[in-house]
K.L.:
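Before I ask anything, let me first share the structure, which is written out below as structure tokens.
Here the structure is a predicted model, which is why all the values come from computation and not from measurement. Here is the naming used below: chain letters follow the sequence lines, and residue numbers restart at 1 for every chain.
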There are 2 protein chains.
Amino acid sequence: MAIISRDFDAPPGTSAPTLEVPEVVIDRLPQYVRTLTQLLEEGVEVTNSQQLGAQLQVTPAQIRKDLSYFGRFGKQGRGYRVRHLLSELKQILGLDAEWNVAVIGVGRLGNAILNYPGFNPDGFHLVAAFDNNPGNVGTEVGGISVQPMTALANTVADRDITIAIVAVPSAHTQSVVDQLVACGVRAILNYTPINAQVPDGVRVRSIDPVLALQSMTYYLAYQGHPTNGHQTTG
Amino acid sequence: MAIISRDFDAPPGTSAPTLEVPEVVIDRLPQYVRTLTQLLEEGVEVTNSQQLGAQLQVTPAQIRKDLSYFGRFGKQGRGYRVRHLLSELKQILGLDAEWNVAVIGVGRLGNAILNYPGFNPDGFHLVAAFDNNPGNVGTEVGGISVQPMTALANTVADRDITIAIVAVPSAHTQSVVDQLVACGVRAILNYTPINAQVPDGVRVRSIDPVLALQSMTYYLAYQGHPTNGHQTTG
DNA sequence: TAGATTGTTAATCGATTAACAATC
DNA sequence: TAGATTGTTAATCGATTAACAATC
């Protein structure tokens, strides 16, 4: 393998690791952030790959390897300073910034999302809500005034919205996603059970509890064969 | 590789493929089920790995390989009969059965879950709700009378509950999961942002929208580098 | 210093994909 | 039959883990 130059001396916010970091590594970083946050709250000042691995149920080697994509954050013989590693990882993930989020669809699910208090503490601010039902437009949901879909492009630009949460009826998913992409939104959290097609450069993550249940029933159905417990987060 | 005997002639519900099927394959099967269901609704009677792959954004080879773990469901030169393949996959996943589910925690989130209409059509029946707050016990949520946690073991046994959905405050997650495991529950859908520890043989899937957002911000933060769009479902 | 733990390389493991004989 | 597509093997690719020199 060729020597990889990582340009960590470049101005923050403008550079990324030169060689692509595997997506599976990126997906683990938020979990590291969460565990480090917990340790910090417990007053733990120093940790190591062994301890982190035990908490997260991954091997210590994997944690060290994952971190090595981004730099050297520990000290041999000592481990990692929790506060420092946490701060670095948050910066890498862009979690030192605030993100403005739009919710599309204010039905039952959209309502629950807009009233869910769990996004704000992590820097995600629900700043706009849209619905194509005239009866919903103008109502207040979670303290936000619902706008018509026709206002999408302008509001996304005006309010610097970079992330959208889609909670519309399944039949509208692809159309809504297309509109979001056209407005320049490149990160979409999809609460509908539909696989939306997006162009390169746009990320979609789906929240799909039924899918999660449907893979677990496989193991319940074949109780005869002892299987290992396994935990998946998504 | 040794020859693998797959005992598909054994009585249904009592046998599993002799060699372990990779978990990543099991996790894809529900998506195949969903796509096949859509095709069926559209009146498509026959499909093939090419078409399925296009829909699901995976390679045709992967679909054929995944299916080969369980048997031979297609015909060379023709493809797969949608109705037949769908029925086989549902049986493999245990989706031809009905599953009784308990919801633990009837706060804001538990309320939304109990009122969410998306579980029942797929054979998951929310049949019981529990809460440790005496003020909530006895109230009706989503048509279900809330029971105290002390009733858990009895109700799980009486109502044949095999799956639980955890929607309690984070601090209670591990304790609730421990109680569920003690009652014999082996599949848990965890809506809290806590990594619960479970013994072998118990499955946990987490629904964690903040985690999903936090991995997408990485790609938003480094806009300079064009990245491929990618879609994850969990 | 001695002991501990990192960062990194090399080995292993497992999953994906390409290719093609079998066969509908 | 000729054409198409499966089921399966072998090749490739990528991710995880083990091992250890570097070094705090």
K.L.:
Take atom CG of B:Leu85 and atom C1' of D:dT5, then tell me their distance rounded to the nearest Å.
P.N.:
14 Å
K.L.:
Defining pairs by Watson-Crick or G-U wobble geometry with both distances under 3.5 Å, how would you list the stems of DNA chain D with at least three pairs each?
P.N.:
C:3-24 with D:3-24
K.L.:
Report the C-alpha separation of B:Thr37 and B:Glu41 in whole Å, then their side-chain angles, then the decisive distance to 0.1 Å, and conclude whether the side-chain hydrogen bond (donor to acceptor under 3.5 Å, both in side chains) test is met.
P.N.:
CA-CA 6 Å; B:Thr37 303; B:Glu41 281 167 4; over 6 Å; no
K.L.:
Yes or no on side-chain hydrogen bond (donor to acceptor under 3.5 Å, both in side chains) for B:Ser206 and B:Asp208, after CA distance, side-chain angles and deciding distance?
P.N.:
CA-CA 6 Å; B:Ser206 287; B:Asp208 201 325; 5.9 Å; no
K.L.:
When you measure from the side chain of A:Arg72, which nucleotide among C:dA15, D:dA15, C:dT8 comes out closest?
P.N.:
C:dT8
K.L.:
For B:Asp27 and C:dA15, give me the distance from atom CG to atom P, rounded to whole Å.
P.N.:
11 Å
K.L.:
Using whole Å, report how far CG of B:Leu67 lies from C1' of C:dT16.
P.N.:
15 Å
K.L.:
Taking CZ from A:Arg28 and C1' from D:dG14, how many angstroms apart are they, rounded to a whole number?
P.N.:
12 Å
K.L.:
Check the phosphate of D:dA15 against A:Tyr69, side-chain N and O only, distance under 4.0 Å to OP1 or OP2. Yes or no?
P.N.:
no
K.L.:
Could you check how far CD1 of B:Ile63 sits from P of D:dT5, rounded to whole Å?
P.N.:
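Between P of D:dT5 and CD1 of B:Ile63: 14 Å.
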K.L.:
What is the distance, rounded to the nearest whole Å, between atom CD of B:Gln62 and atom C1' of D:dT9?
P.N.:
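Interatomic distance, CD of B:Gln62 to C1' of D:dT9: 17 Å.
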K.L.:
B:Gln57 has an atom CD; how far is it from atom P of C:dT17, in whole Å?
P.N.:
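Answer to the nearest Å: 13 Å.
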K.L.:
I'd like to compare against my own output: the B/S/- annotation of nucleotides 18-24 of chain D with a strict under-4.0 Å heavy-atom distance to protein.
P.N.:
BB--BBB
K.L.:
Taking all heavy atoms of B:Leu93 and all of B:Pro30, pick out the closest pair and write down the distance.
P.N.:
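Minimum heavy-atom contact is CD1-N, 3.7 Å.
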K.L.:
Check this for me, if you would: do A:Glu23 and A:Arg205 make a salt bridge, where the nitrogen-to-carboxylate-oxygen distance has to be below 4.0 angstrom?
P.N.:
yes
K.L.:
Under a 4.0 Å N-O cut-off, is there an ion pair linking A:Glu88 with A:Arg72?
P.N.:
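So A:Glu88 does not pair with A:Arg72 through a salt bridge.
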K.L.:
Return the OG1 to CG distance between A:Thr217 and B:Leu95, rounded to the nearest 0.5 Å.
P.N.:
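The OG1 atom of A:Thr217 sits 4.5 Å away from the CG atom of B:Leu95.
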K.L.:
Given the rule in the side-chain contact (heavy atoms from CB on, under 4.5 Å) test, do A:Val82 and A:Val46 qualify, once you have shown the distances and angles that lead to the verdict?
P.N.:
CA-CA 5 Å; A:Val82 172; A:Val46 175; 5.7 Å; no
K.L.:
How many Å lie between CG on A:Asp66 and P on C:dT6, as a whole number?
P.N.:
14 Å
K.L.:
Are the charged groups of A:Lys90 and A:Asp96 less than 4.0 angstrom apart, N to O?
P.N.:
no
K.L.:
Does B:Ser49 make a side-chain N or O approach to OP1 or OP2 of D:dT5 shorter than 4.0 Å?
P.N.:
no
K.L.:
So what does A:Pro60 touch, heavy atoms closer than 4.0 Å: a base, only the sugar-phosphate, or nothing?
P.N.:
nothing
K.L.:
Mind checking the CD-CG spacing from B:Gln62 to B:Leu56? Nearest 0.5 Å is all I need.
P.N.:
9.5 Å
